[in-house]
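The structure under discussion appears below in the form of structure tokens.
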Amino acid sequence: MVVKDKRVLVVGLARSGFAVACALAARGALVTVIDRKPPAEFSDLLPQLMKDKIGLELGSQRQETFLRQEMIVISPGVPWDLPQLRAARERKIPVYPEVEAATWFLQGTVVGITGSNGKTTTTTLLGDMLKASGLPTFVGGNIGNALSSAVEEAKPGTRFVTELSSFQLEGIHEFRPHVAVMLNLSPNHLDRHPSLEAYAQAKQQIFRNQGAEDYAVLNADDPWVAGLAENVASQPILFSRRRELPSGVFAAGGKVYYRVRHLERVLFETRDVSLRGDFNLEDVLAATSAACVLGADFTAIRKAVREFKAVEHRLEFAGEIQAVEFFNNSKATSVDATLKSLEAFERGVHLIMGGKDKGAPYTPLIPLIKERVREVLLIGAAAPVITGQLAGTVELVQAGDLATAVYQAFAHSRPGDTVLLAPACSSFDQFKDYEERGRVFKELVKQLAKEVAAGVFRDSRLATRDSQLGTRDSQLATSDSQLATRDSQLGTRDSQLATSDSQLATRDSQLGTRDSQLATSDSQSVNHEALDEARETARTMLGKTQKPGSAAEASESQSTNSKSRVTNPESRVTSRESRPAEHVGLRYVYEVDAVEHAEVEPHLAPEEEPAIPISEGTAETLDDDALPFEARTAKGSPKSEVRGPKPETASPGSGVRSPEFKTASPGSKDPSPKSKGHGSKSGDEKTESDAPPDSRQPRLPGVE
């Protein structure tokens with residue numbers, strides 16, 4: 001990449017930013033460094049930057065500075081989705097990660113190692129194997145020295161063993177490692193990546209530009225990583241600590257084998273690995289696989305494995321006090337790393353956790369915490385989040401800071417226990433980085449050992465803390481007493497409410513009984529009323545059909561009926577004889593039985609003449625409006641006539657009789673006058689009974 005006379009902006013002035021800015025300036029680029037931190041934070045770097053004529057913009061990140069560049073190089077700590085970077089990419093200004101910019105000026109073989117956990121151990125051990133083999137080697141990247149720092153000193157043919165994070169890989173363009181190692185994948189950095197899928201995609205970028213002559217070293221025990229073997233363009237080399245492989249590096253029967261094509265060789269025994277924890281064996285196998293591909297000597301590989309000690313801050317033994325061991329795993333900045341740290345210990349662990357939360361859940365730790373941890377001592381900003389997710393597992397101690405956590409853990413420990421710093425969080429809330437956090441932990445262990453040896457372990461800090469804990473316990477006791485009093489009051493109220501509910505239930509029961517009694521009484525009243533109405537109807541019908549008798553019989557009948565009603569004490573119906581006459585309902589009935597009503601209507605046909613029945617559908621009137629439309633005559637028409645037989649066609653002996661309308665009142669002599677429209681077309685008050693017998697119009701069945 002030609003950078004001479006190009007305007008280049010370096011974002012982030014940490015170790016990587018400083019190294020790449022100097023490398024670019026040395027090759028003629030017009031470099032500007034920008035960082036949000038003020039100049040006072042970089043006082044030790046400013047003289048060299050000014051000497052190399054590198055522009056500085058510190059304390060701010062103006063967008064116009066980004067937009068007037070020809071290319072931008074970012075440090076690993078700079079978010080890829082920074083708004084100023086998005087604006088630059090929209091203007092087609094290329095943005096490169098520092099690790100890719102460094103490869104523009106390197107002559108040698110680049111090895112990239114990534115994964116969620118174990119990167120530092122694998123990178124360091126691989127460097128030792130290559131150095132033991134006499135190969136020129138540089139180790140750096142995300143640990144130790146930035147890759148850009150090797151530009152000025154590296155010799156041609158050097159093996160650049162580089163640890164790579166997802167931040168360094170997510171924005172690569174043409175970065176191409178000859179050997180790319182993928183260790184594992186677990187949720188991590190979800191505070192920066194939008195999802196686990198985005199995080200995995202950033203990791204997978206390491207294989208993006210590889211070709212057939214390159215190598216991809218993959219963990220066969222990780223399903224997601226092993227699945228990449230079918231998708232990479234390079235040659236896959238698998239490793240496993242759990243099963244024998246047809247090709248690759250694997251552990252079986254206490255030995256580590258290297259098998260490729262027709263070659264199989266025992267490299268070393270698993271007992272040669274001094275690192276604690278089975279997960280560290282995976283890191284050793286990964287480093288061995290890459291070393292074999294790069295041409296390392298087999299004897300040198302075994303020697304490096306036997307001599308290799310834990311990397312600083314990576315499950316590092318920090319000391320022992322009164323049979324209590326202390327381990328520094330400050331590099332365990334993810335939940336999965338903490339999980340693997342716990343797998344290295346059987347029981348009696350006092351776990352120190354906390355720091356800056358990274359967005360991954362802490363619940364996967366619960367099974368091992370319940371099985372192997374005595375207490376969890378929480379520090380840093382993530383303490384409330386961890387407390388919420390691990391509540392109910394073991395005792396959670398809110399230590400607050402690392403010093404209190406170390407002293408408190410030892411105070412609660414027994415001989416044979418382990419105090420383990422495995423934070424599962426980043427360190428940026430209380431420390432500069434994980435390295436500073438690890439160094440502080442080791443210094444605290446040394447100070448504690450001195451105090452125990454001098455017999456002054458319970459120093460003023462613990463005494464003050466115990467006093468504070470005592471005050472808090474007293475406050476909690478007072479609070480518990482108040483809660484107990486409140487519970488008692490609530491219990492009394494509940495008892496009173498229960499009594500009230502019981503009384504209401506009894507009242508409801510009584511009301512239900514009364515309602516039932518009222519319903520029974522109403523039913524009896526209805527039955528009596530119905531019975532009286534039936535009797536009254538029967539008497540009315542009987543009055544219509546029976547022949548009139550003597551006044552004495554009628555009087556006796558009335559007297560009997562009256563007595564019958566009076567002797568019924570439950571009857572609510574008053575005597576019908578006492579009602580006013582206008583309250584007696586009238587109804588029109590057809591009398592078609594001439595024999596039965598001969599005495600009532602002596603002017604009708606003789607008894608021996610049978611009556612012609614009239615159908616139920618016969619209308620009560622003979623108005624024109626009641627006839628079919630075609631039978632009606634227009635108003636004033638001379639042809640208007642009623643359909644049906646004329647009056648003279650009915651012979652006296654034909655038995656055809658016109659219906660008469662009688663009132664429902666028994667014994668009545670004068671029928672009720674017809675209303676307008678009932679039997680009279682003129683609307684006068686004259687009834688059919690007053691008309692001459694021969695003028696009545698008979699109605700036959702079926703005439704509508």
Side-chain angles (χ1 to χ4, degrees), residues 11-12 14-17 20 72-82 85-86 89 95-103 110-123 140-144 146-148 161-177 179-210 216-219 222 224-225 227-228 231-232 283 286 314 331-340 355-361 423-428 433-434:
V11 185
R15 286 177 298 186
S16 297
V20 74
I72 298 175
V73 178
I74 62 174
S75 299
V78 178
W80 184 249
D81 59 350
L82 190 73
L85 292 178
R86 289 202 304 265
R89 290 195 294 269
V95 181
Y96 299 95
E98 172 270 333
V99 66
E100 181 168 357
T103 60
V110 176
V111 181
I113 300 172
T114 192
S116 298
N117 300 294
K119 297 186 296 295
T120 301
T121 297
T122 304
T123 301
N142 197 46
I143 62 169
L147 186 58
S148 298
V161 183
T162 310
E163 177 182 328
L164 300 173
S165 69
S166 59
F167 307 153
Q168 294 168 303
L169 291 170
E170 62 185 340
I172 65 172
H173 293 255
E174 299 174 357
F175 176 73
R176 179 182 175 180
V179 178
V181 181
M182 178 70 76
L183 298 173
N184 44 57
L185 184 79
S186 61
N188 198 2
H189 296 298
L190 298 184
D191 56 334
R192 173 152 166 178
H193 297 287
S195 65
L196 179 59
E197 290 74 16
Y199 171 64
Q201 183 61 36
K203 290 288 189 183
Q204 194 173 345
Q205 288 279 84
I206 195 173
F207 307 109
R208 173 178 173 176
N209 299 307
Q210 282 192 310
V217 178
L218 306 172
N219 186 353
D222 188 299
W224 183 82
V225 175
L228 296 175
N231 301 319
V232 296
D283 302 339
R314 179 71 174 176
K331 187 66 170 64
T333 59
S334 69
V335 174
D336 189 60
T338 300
L339 187 68
K340 290 181 177 180
K356 184 179 181 295
D357 182 55
K358 299 173 71 175
C425 300
S426 65
S427 58
F428 302 126
D433 51 30
Y434 76 89

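- The minimum heavy-atom distance between Gly141 and Thr162, with the atom names listed, is CA-CG2, 3.6 Å.
- Minimum interatomic distance between Phe167 and Pro76 (heavy atoms only, all atoms of both residues): CB-O, 3.1 Å.
- Remark: Tyr96 pairs with Trp104, His173 by the ring pair (Phe, Tyr, Trp, His ring centres under 6.0 Å) rule, at least two apart or across chains.
- Atom-to-atom distance recorded for Gln205:CD and Gln168:CD is 13.5 Å, nearest 0.5 angstrom.
- Qualifying side chain to side chain donor-acceptor pair (under 3.5 Å) partners for Thr114, counting only residues two or more places apart in sequence or in other chains: Lys203.
- Of all heavy-atom pairs spanning Thr338 and Pro423, the tightest one is OG1-C, 4.1 Å.
- With sequence neighbours excluded, no residue satisfies side chain to side chain donor-acceptor pair (under 3.5 Å) with Ser75.
- The line from CG of Leu183 to OG1 of Thr123 is 7.5 Å long, rounded to the nearest 0.5 Å.
- Considering only residues two or more places apart in sequence or on other chains, Arg89 meets the side-chain contact (heavy atoms from CB on, under 4.5 Å) condition with Trp80, Leu85, Arg86, Val95.
- Side-chain atoms of Pro97 and Leu169, non-hydrogen and from C-beta on, never get closer than 4.5 Å to each other.
- The side-chain contact (heavy atoms from CB on, under 4.5 Å) search around Glu174 returns Glu100, not counting sequence neighbours.
- Here Arg15 pairs with Glu435 under the side-chain contact (heavy atoms from CB on, under 4.5 Å) rule; sequence neighbours left out.
- The salt bridge (charged side-chain N to carboxylate O under 4.0 Å, His left out) check on Asp336 picks up Lys340, with sequence neighbours excluded.
- For Ser148, the side chain to side chain donor-acceptor pair (under 3.5 Å) criterion is met by Glu98, not counting sequence neighbours.
- For the pair Arg314/Asp283, a side-chain contact is recorded, criterion being any heavy-atom separation below 4.5 Å from C-beta on.
- The shortest side-chain heavy-atom distance between Val110 and Pro177 falls under the 4.5 Å cut-off.
- Counting heavy atoms from C-beta on, the side chains of Val335 and Ser186 never come closer than 4.5 Å.
- Ile113 approaches Ile206 most closely through the heavy-atom pair N-CD1, 4.3 Å.
- In terms of the salt bridge (charged side-chain N to carboxylate O under 4.0 Å, His left out) criterion, residue partners of Glu170 (sequence neighbours excluded) are, by chain and number, Arg192.
- Listed by chain and number, the residues in a side chain to side chain donor-acceptor pair (under 3.5 Å) with Asn142 are Glu163 (sequence neighbours excluded).
- The two atoms that bring Tyr199 and Ser116 nearest to each other are OH-OG, 2.9 Å, heavy atoms only.
- Nearest heavy atom pair, residue Val20 against residue Ala101, reads CG2-CB, 3.9 Å.
- Counting only distance, with no hydrogens or angles, the side chain of Lys358 and the backbone of Thr333 share a donor-acceptor pair below 3.5 Å.
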